[in-house]
2 protein chains.
Amino acid sequence: MTTPKGIATRRRIVEAAAAEIRERGTIVTTLDDVCRRSGTGKSQLFHYFPEGREQLLLAVTEFEAERVLDDQHPYLHELTSRTAWEAWRDVIVERCRNQGPHCPLGVLIADVGRYGPAARAVTTQLIRRWQDAVRDGIEATQAAGEADPSLDADRMAAAVVTTIQGGVSVLLSTGSADHLEVALNLCLDHLLVADVRHGQR
Amino acid sequence: MTTPKGIATRRRIVEAAAAEIRERGTIVTTLDDVCRRSGTGKSQLFHYFPEGREQLLLAVTEFEAERVLDDQHPYLHELTSRTAWEAWRDVIVERCRNQGPHCPLGVLIADVGRYGPAARAVTTQLIRRWQDAVRDGIEATQAAGEADPSLDADRMAAAVVTTIQGGVSVLLSTGSADHLEVALNLCLDHLLVADVRHGQR
DNA sequence: GCAAAAATGGACCCGCAAGTACAGTTCGAT
DNA sequence: ATCGAACTGTACTTGCGGGTCCATTTTTGC
């Protein structure tokens with residue numbers, strides 16, 4: 001049905017679209033932009049995405065969701081100590097600060113995820129998967145005795161994910177990642193068992 | 001320059017646009033939709049908003065921001081006791097749950113606030129004002145001895161606002177307000193001095 | 001009452017971007 | 001080598017939505 005060449009082309013289209021959307025936003029990204037950037041024509045685009053724009057957007061959503069999870073994977077799988085959590089926080093904050101409004105995650109949730117129910121399903125699943133990974137981390141940390149054992153891990157994970165979402169949301173509105181940092185710190189303070197340092201920052 | 005009648009018309013236009021946007025989203029709301037709903041024609045619209053769509057969007061942003069703050073005002077100004085905080089939380093959660101994706105706040109931040117720097121400035125200011133109000137509440141609660149006095153009120157307020165944002169953001173993606181509730185609960189747990197009940201919910 | 005300004009109705013224009021048609025080319029299996 | 005399927009290029013159509021024009025009606029200040 002599809003040759004390697006076809007697969008490669010399709011992939012190029014999705015990547016181009018994802019990049020374009022990340023850099024300039026969903027609304028302003030046109031199919032011609034995508035074609036230009038991927039070095040293809042509309043005929044290819046509609047060949048691989050017969051349903052047109054919406055279908056492409058969905059593919060981009062899935063692509064970016066995978067990217068986000070892959071990106072987080074190495075950190076999420078060693079969340080067992082306070083230092084690991086703080087390192088993770090630093091990565092997130094620093095990445096958001098650098099990428100600003102081009103953060104894939106932000107674009108994904110706040111932008112792409114609202115183009116039809118299919119895309120929403122993908123983002124919902126992304127949140128779920130992410131939350132699961134965080135939950136595992138919390139449980140591991142509790143097992144290691146570094147986190148408050150009385151906390152419900154899944155609820156705490158939900159709160160963490162929500163907090164990140166909020167930080168990104170504020171980032172998109174104000175351009176500053178400070179809220180993200182502050183709110184995440186608060187989460188960690190609440191999660192990790194109190195030790196010497198209990199002031200801010 | 002403008003007669004009462006004109007003011008009324010302008011107002012109708014803004015309200016119609018706001019409603020349309022709340023219900024169906026910014027991108028899909030067309031000027032003709034607004035005209036139809038407000039019972040006016042394009043000529044009026046461009047009479048009152050010579051700069052066109054963008055100017056209207058800005059007016060809507062300001063309008064909705066004011067609505068949100070007015071809506072919150074009665075609750076925000078008596079945040080002094082644990083019960084008051086919990087009542088406030090309930091109002092927010094319940095309101096979001098009912099309105100679902102039509103929550104003005106959510107649309108405002110995640111949707112409208114991204115159409116041009118002017119609108120973004122308005123949402124930024126909204127966040128700032130809201131955060132200030134929450135901060136006042138936190139300080140009052142601390143003074144009343146019901147909140148952890150070692151917390152930096154402004155930072156805590158930032159975290160609270162961020163959390164709400166996140167909850168709304170997740171709501172828009174998944175349609176569920178559960179994350180909002182869980183995350184807000186966690187915030188309150190962290191803010192209010194520990195008492196008898198320390199489990200979840 | 002009456003000019004001037006404000007308000008309104010509705011037809012019109014125009015550009016853009018999504019989507020289509022179709023012809024031509026490359027590939028891959030036999 | 002060849003035939004059919006997969007792939008690609010280009011030119012086109014079309015609908016929609018932002019924005020304009022102007023003629024007409026209403027309101028306001030005096």
Side-chain angles (χ1 to χ4, degrees), chain A residues 1-61 107 111-112 114-119, chain B residues 1-61 107 111-112 114-119:
Chain A
M1 203 72 185
T2 56
T3 77
K5 189 174 181 183
I7 295 179
T9 302
R10 190 196 140 101
R11 187 185 174 76
R12 258 168 44 233
I13 292 175
V14 173
E15 282 172 353
E20 204 75 19
I21 285 175
R22 231 178 299 128
E23 293 172 14
R24 306 184 32 235
T26 311
I27 337 121
V28 297
T29 295
T30 159
L31 296 189
D32 297 279
D33 292 336
V34 175
C35 290
R36 209 171 307 124
R37 181 160 193 153
S38 64
T40 60
K42 279 250 222 4
S43 72
Q44 272 106 302
L45 205 159
F46 278 87
H47 182 73
Y48 297 107
F49 304 95
E51 322 252 306
R53 183 185 168 88
E54 197 158 339
Q55 193 182 359
L56 173 61
L57 245 27
L58 179 58
V60 169
T61 309
V107 176
D111 213 48
V112 186
R114 311 189 61 206
Y115 285 81
Chain B
M1 203 71 187
T2 56
T3 77
K5 189 175 180 182
I7 295 179
T9 303
R10 190 196 140 103
R11 187 183 174 79
R12 259 168 45 232
I13 292 175
V14 172
E15 282 171 353
E20 204 75 19
I21 286 175
R22 235 180 295 130
E23 293 172 16
R24 306 184 31 234
T26 311
I27 336 121
V28 296
T29 294
T30 158
L31 295 190
D32 297 277
D33 292 335
V34 175
C35 290
R36 209 171 306 123
R37 181 160 194 154
S38 63
T40 59
K42 280 249 226 355
S43 71
Q44 272 105 302
L45 206 160
F46 279 88
H47 182 77
Y48 297 106
F49 303 95
E51 322 254 303
R53 182 184 168 88
E54 198 157 340
Q55 193 183 357
L56 173 60
L57 245 28
L58 179 57
V60 169
T61 310
V107 175
D111 209 49
V112 186
R114 311 187 61 207
Y115 286 82

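So you know, we letter chains A, B, ... as the sequences are listed, proteins then strands, and number each from 1. Only this structure's heavy atoms are used, side chains among them; waters, hydrogens and symmetry mates stay out. None of the values given here were measured: they were computed from a predicted structure.
Taking CD1 of Ile13(B) as the start and OH of Tyr48(B) as the end, the distance is 7.0 Å to the nearest 0.5 Å. Between atom CD of residue Glu54(B) and atom CG of residue Leu56(B) there is a gap of 11.0 Å, rounded to the nearest 0.5 Å.
Looking at Arg12(B), its side chain does come within 3.5 Å of a backbone N or O of Ser38(B) through a donor-acceptor pair.
Atom-to-atom, CZ of Arg53(B) to C1' of dG17(D) comes out at 9 Å; the value is rounded to the nearest Å. Atom CG in Leu57(B) sits roughly 15 Å away from atom P in dG17(D) (whole-Å rounding). To the nearest angstrom, C1' of dT20(D) lies 14 Å from CG of Asp32(B). Counting to the nearest Å, the P atom of dC7(D) and the NE2 atom of His47(A) are 5 Å from each other. If you measure from atom CZ of Arg36(A) to atom P of dG9(D), you get 15 Å, rounded to the nearest angstrom. In this structure, Gln44(B) atom CD and dT20(D) atom P are separated by 16 Å, rounded to whole Å. Between the CZ atom of Phe46(B) and the C1' atom of dG19(D) there is a distance of 5 Å, given to the nearest Å. Atom CG in Leu45(A) sits roughly 14 Å away from atom C1' in dG9(D) (whole-Å rounding).
Using a cut-off of 4.0 Å between Lys/Arg side-chain N and Asp/Glu carboxylate O, Glu15(A) and Arg10(A) are scored as not salt-bridged. Here Arg36(B) does not pair with Glu20(B) in a salt bridge; the nearest charged N to carboxylate O distance is not below 4.0 Å.
Of the residues in residues 3-23 of chain B, those lying under 4.0 Å from DNA chain D by heavy-atom distance are Thr3(B), Pro4(B), Lys5(B).
More than 12 heavy atoms of other shown residues, nucleotides or ligands fall within 6.0 angstrom of atom CZ in Arg24(A). Annotation for Glu23(B): atom CD counts as buried by contact number, over 12 foreign heavy atoms lying within 6.0 Å.
Phe49(A) is not listed as a side-chain neighbour of Leu58(A), based on a closest heavy-atom distance of 4.5 Å or more.
With a heavy-atom cut-off of 4.0 Å to chain B, the contacted part of DNA chain C has its first and last nucleotide at dA6(C) to dG10(C).
Residue Tyr48(A) places at least one side-chain N or O closer than 4.0 Å to OP1 or OP2 of dT8(D).
As judged by a 4.0 angstrom heavy-atom cut-off over every strand, Ser43(B) is placed among the base-contacting residues.
If you find the closest nucleotide of DNA chain C to Met1(B) and to Gly41(B), the one lying nearer the 5' end belongs to Met1(B).
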Stepwise side chain to side chain contact (heavy atoms under 4.5 Å, CB included) test for Leu57(A) and Ile21(A): CA-CA 9 Å; Leu57(A) 245 27; Ile21(A) 285 175; 3.7 Å; yes
